[in-house]
Engineer: 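What follows is a structure written as structure tokens; I'll ask about it next.
Proteins get letters first, then strands, A, B, ... in listed order; numbering begins at 1 in each.
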Amino acid sequence: MGEYNPKKIESKWQKTWEKLGLNKAKDFDKRKKQYILVEFPYPSGDGLHVGHARSYAALDVVSRKKRMQGFNVLFPIGYDAFGLPTENYAIKMGVHPAEVTKKNIEIFRNQLKSLGLSFDWDREINTTDPDYYKWTQWIFLQLFKKGLAYQAEIPINWCGSCKIGLANEEVINGKCERCGSETEKRNQKQWMLKITAYAEKLLKGLEKVDYSERIKTQQINWIGRSEGTNIKFKINDKEIQVFTTRIDTIFGVTALVLAPEHELVKNIDDKNVKEYIEKTKKKSELERMDLEKEKTGVFTNLYAINPLNDEKVPVWISDYVIASYGGGAVMFVPAHDKRDYEFAKKYDLEIKQVISGGEIPFTDYGELINSGQFNGLDSKTAIEKINKWLKDKKLGGSAINYHLRDWVFSRQHYWGEPIPIIHCEKCGLVADENLPVELPYVEKYEPSNTGESPLANIKEWVNVKCPNCNNDAKRETDTMPNWAGSSWYFLRYCDNNNKKELADKKKLDYYMPVDWYNGGMEHTTLHLLYSRFWNIFLYDIGVVPVSEPYIKRRSHGFVLGSDGRKMSKSFNNVINPDEIVKKYGADSLRLYEMFMGPFEETINWNTQGLEGCSRFLKKVWFSFDNIGESNKEIIQKLHYLIKKVGHDIENNKFNTAVAAMMEFVNSWQENSLDKKHAEMFLKILSVFCPHICEELWEKLGNKNSIFLESWPEYDEKLIKKDKFELVVQINGKIRDKIEVDSEISQEQAEKLVLSSDKIKSWLIGKKPKKIIFIKEKLINIVL
RNA sequence: GCCCUCGUGGCGGAAUUGGUAUACGCGCAUGAUUAAGGAUCAUGUACCUUCGGGUGUGUGGGUUCGACUCCCACCGAGGGCACCA
């Protein structure tokens, strides 16, 4: 066989494959399609991470296998290139973000190619390309026309360090997701997308897709559906709507508490109230979210009427009430709510028990007391009856609320898609249909501290004529968040060069939905939810053929440094895939990334483990010197291997598939293997380690690529063994193992076992009570 | 506080889903080869043992002929949500 030289082999085959065009998906091909998708990378200056390689290698295995199984596989890649890191880098180094992006994409492309990933390179996309973001803008306009994109003056999360407004999802524990500095609330006019209008659809859609359980539950929790009751309280001549999940406690209401941001609060002319509002405004998000802190509040001098018993209760203000949920007002039931109880204790408010069953505060369901006509009912029945009562009197009724908030869609930055809206004094907000609205090429793109986008300074770009009335008008200067481009990219792959539509409807019909989508757990409540939202919307307006974009979603675990920390220059624990490829070859890297541990779990990098995989490939290489006769045993093992590897790949269990192949090669070293069966083994390994297998395939005298071969079939009959080791247990403990015929019956086995000397010695003076026989496994004698 | 995932050798981890615990890989030890090191190959590698066997999958119970696997309680780790009324 000669020397195994991965460097030489790998570049040779990468060039050949590119020439052959084996990895191209063919539109409308008669074969069944299979759309395999990996999250496209953000082309950062750090280059490809071994974590990217893990996820991409895994889905490359899947794609290659599906191709060999006769599917027309679409396995595309592209670049999600708008975003802050590029902009920050560009500002620091004085290079235009477009230049930085171009350079980084080149680096990424070369790195991806050096791993031998079987992407369809003809379909590459780049979210910063005007031909691409034209359609991102187009989708925005469709949302705008349907009233799902709107402007609102809202308190947004403002990161003073990045000088950017953040969505709730981008704020982690009150801190900016990117830079970690504390965020503050700041009122600003922002573009919003009404994802809340899709809460129910996003929830319902989860019932028909195959996502890992933890992904599903995380989305369900994030949407946060809760069933309850809306009820109206009167304050003078105004009506205040309150949401509660415990309307059965309505007779226990001893106050009404409003959020400091509540509409009604603005009109209260009271020194104490004004002081309190000022104080809460100054509190940072982090302070306000602190659960340990003591609750504070202020009495408004107003009273509200409880519609059920016409009782007059005081109205308070407190910042433990969330403005953006359930109307920003709560009915105060200290006897049956922990938070209300704390507040009542502090301000000495009345505590009135209306549910019997335990110590106050009692938060479980129970039997109603002190509740007028509803006394004696259990909570559940009471909720039904009171809801009906409210509905009949037109005072409210059952209602559903969601934790999900609308998506803050504006960014005051340069490096993003311009929002294609024109502000006209006469016509108001006008859609600019002349797409793409291109980013002007400028020298200065530093964010301003005023909260305005840097685009605002470019007068010749900002000042335009209104498309409606031709009067002087101004462009919107906010750009879209980095989540915009990735919310629909899977559609563009189906038809990436289309100039007339985001993608041809027939091609979407053919390729969509995505059959298997892999990505990081960190995108579950962001990208995954956003892209489902956009797709369902596009389905509703007839642009895409399916409502749910992804049939199957799985996620990979992170690859950490060998010290168990996140790979980072500051920890000096970064593994550069280029160096690994250079030293060991892409095949070893790919194999190790599949073997290192369960695919969905986080794992630490271990270079010695990688060396083991490299050793294995050398072993495989030299095993091909050992081609000769096969015995029955090794053929049996090979057929079992084909079954096992196929099954494991479909179930994301790449690590055990690799282990099984290693086991097989160990047996091969003890026995020889004939050429036909050695080729079958090679086909299985080829999806993991394409280069070495293609080379060996050629060395065996084959003219065409191994990837034109079909995936080997196993024969169940050949897997079956004639003999097996029967485990003999006494009272569940192993006492012996006997080699017996596979077809042995219970009677025969009993006879055999009871006559064995070893077993006999255990049975002296005892009588078997019961004998359990499991075919091809064991026999257990119970004494 | 709530939800999810998970606790198995010195380490990463297997266990056909209730049927031989520790597959596969790493590491380590001994030996072979070598002037030597590296590389390679071979053998061994959970614990205790009076060599009969006994004990072992975070802890304590339970179900079962049989439990890493199922049930209950607890302890610990990781992730998500979090004053959502």
Side-chain angles (χ1 to χ4, degrees), chain A residues 172-173 212-222 224-226 228-229 242-247 249 257 259 288-293 295 318-322 324-327 329-333 336-340 342-343 363 401-405 521-522 524-525 557-558 591-592 595-598 600-613 615-616 618-619 622 640 643-644 647 653 655-666 669 725-737 761 768-783:
Chain A
I172 311 294
N173 290 331
S212 338
E213 211 45 48
R214 53 179 178 160
I215 297 176
K216 230 181 234 188
T217 44
Q218 236 182 74
Q219 286 212 348
I220 290 169
N221 290 344
W222 185 262
R225 183 182 199 271
S226 86
T229 305
V242 167
F243 177 75
T244 177
T245 54
R246 291 298 304 274
I247 196 65
T249 64
V257 187
R288 220 182 135 167
M289 272 174 29
D290 184 5
L291 271 86
E292 303 299 313
K293 73 155 202 267
K295 293 185 178 19
S318 173
D319 67 357
Y320 81 88
V321 177
I322 294 168
S324 52
Y325 186 78
V330 300
M331 59 184 226
F332 183 77
V333 189
H336 305 291
D337 182 286
K338 270 189 192 157
R339 297 152 299 181
D340 295 349
E342 264 176 60
F343 196 77
T363 56
N401 252 302
Y402 301 92
H403 294 183
L404 188 69
R405 313 283 166 81
M521 219 36 219
E522 73 278 19
T524 303
T525 52
F558 290 112
L591 193 72
Y592 171 61
F595 182 60
M596 66 198 306
E600 311 206 7
E601 304 292 323
T602 298
I603 196 141
N604 300 354
W605 180 268
N606 177 1
T607 299
Q608 282 173 332
L610 171 82
E611 276 167 8
C613 288
R615 231 170 273 163
F616 167 72
K618 272 179 215 153
K619 224 193 247 183
F622 290 109
Y640 174 72
K643 182 181 178 180
K644 165 113 179 124
H647 180 264
K653 291 168 84 175
N655 55 332
T656 51
V658 175
M661 290 189 288
M662 288 173 168
E663 246 176 293
F664 177 77
V665 172
N666 288 342
Q669 292 210 306
E725 218 173 42
L726 179 73
V727 172
V728 186
Q729 293 183 337
I730 293 174
N731 286 339
K733 288 202 192 296
I734 297 158
R735 296 303 177 199
D736 202 5
K737 291 173 189 181
S761 66
K769 235 197 284 179
K770 196 166 148 193
I771 296 180
I772 286 144
F773 177 73
I774 308 289
K775 204 168 172 264
E776 286 181 66
K777 288 255 151 63
L778 56 77
I779 187 160
N780 187 12
I781 302 165
V782 187
L783 298 179

Engineer: Partners of A:Asp319 by side-chain contact (heavy atoms from CB on, under 4.5 Å), sequence neighbours excluded?
Structural biologist: A:Pro260, A:Tyr276, A:Thr280, A:Lys283, A:Arg288, A:Lys293, A:Thr296
Engineer: Under the side chain to side chain donor-acceptor pair (under 3.5 Å) test, which residues partner A:Thr607, sequence neighbours left out?
Structural biologist: A:Trp605
Engineer: Report, one line per pair, each donor and acceptor closer than 3.5 Å where one atom sits in a side chain of residues 768-783 of chain A; sequence neighbours left out.
Structural biologist:
| from | atom 1 | to | atom 2 | distance (Å) |
| --- | --- | --- | --- | --- |
| A:Asn780 | OD1 | A:Asn731 | N | 3.4 |
| A:Asn780 | OD1 | A:Gly732 | N | 3.0 |

Engineer: Got a minute to check which stems RNA chain B is part of, using Watson-Crick or G-U wobble pairs under 3.5 Å, three or more consecutive?
Structural biologist: B:1-7 with B:75-81, B:10-12 with B:24-26, B:27-32 with B:40-45, B:46-48 with B:53-55, B:58-62 with B:70-74
Engineer: A:Ala329: what forms a side-chain contact (heavy atoms from CB on, under 4.5 Å) with it, not counting sequence neighbours?
Structural biologist: A:Ile240, A:Val242, A:Leu258, A:His262
Engineer: Base, backbone or nothing for each nucleotide of nucleotides 14-24 of chain B, written B, S, -, heavy atoms under 4.0 angstrom, 5' to 3'?
Structural biologist: SSBB-BBS-BB
Engineer: Just to be sure I understand the rule, does A:Val330 reach a base, reach only the sugar-phosphate, or reach nothing, if contact means heavy atoms closer than 4.0 Å?
Structural biologist: base
Engineer: Enter syn or anti for the glycosidic conformation of B:U17, syn applying to angles within 90° of 0.
Structural biologist: syn
Engineer: Excluding sequence neighbours, so at least two apart, what forms side chain to side chain donor-acceptor pair (under 3.5 Å) with A:Gln219?
Structural biologist: A:Arg532
Engineer: Within the structure shown, what part of the strands sits under 4.0 Å from A:Arg225 by heavy-atom distance: base, sugar-phosphate, or nothing?
Structural biologist: nothing
Engineer: Dump the pairs, protein N or O against N or O of nucleotides 37-43 of chain B, anything under 3.5 Å, distances to one decimal.
Structural biologist:
| from | atom 1 | to | atom 2 | distance (Å) |
| --- | --- | --- | --- | --- |
| B:U40 | OP1 | A:Arg615 | NE | 3.4 |

Engineer: For B:G53, decide between syn and anti, treating a glycosidic angle within 90° of 0 as syn.
Structural biologist: anti
Engineer: Return the set of residues passing side-chain contact (heavy atoms from CB on, under 4.5 Å) with A:Asp736 (not counting sequence neighbours), or none when no residue passes.
Structural biologist: A:Val728, A:Ile738, A:Ser756, A:Lys758, A:Ile759
Engineer: Side chain of A:Asp340, backbone of A:Val333: donor and acceptor closer than 3.5 Å?
Structural biologist: yes
Engineer: If the condition is side chain to side chain donor-acceptor pair (under 3.5 Å), which residues does A:Arg246 pass it with, not counting sequence neighbours?
Structural biologist: A:Asp248
Engineer: Using a 90° cut-off around 0 for syn, call B:G38 syn or anti.
Structural biologist: anti
Engineer: What's A:Ile771 touching, base or sugar-phosphate or nothing? Going by heavy atoms closer than 4.0 Å.
Structural biologist: nothing
Engineer: Return yes if the base of B:C65 and the side-chain atoms of A:Lys769 contain a donor-acceptor N/O pair under 3.5 Å, otherwise no.
Structural biologist: no
Engineer: My understanding is that only residues two or more places apart in sequence, or in another chain, count here; which of them pass side chain to side chain donor-acceptor pair (under 3.5 Å) with A:Glu611?
Structural biologist: A:Tyr584
Engineer: Suppose you measure atom P in B:G76 against the same atom in B:A23; what distance do you get, rounded to whole Å?
Structural biologist: 32 Å
Engineer: Enumerate the protein-to-nucleotides 4-7 of chain B contacts in which both atoms are nitrogen or oxygen and the separation is below 3.5 Å.
Structural biologist:
none

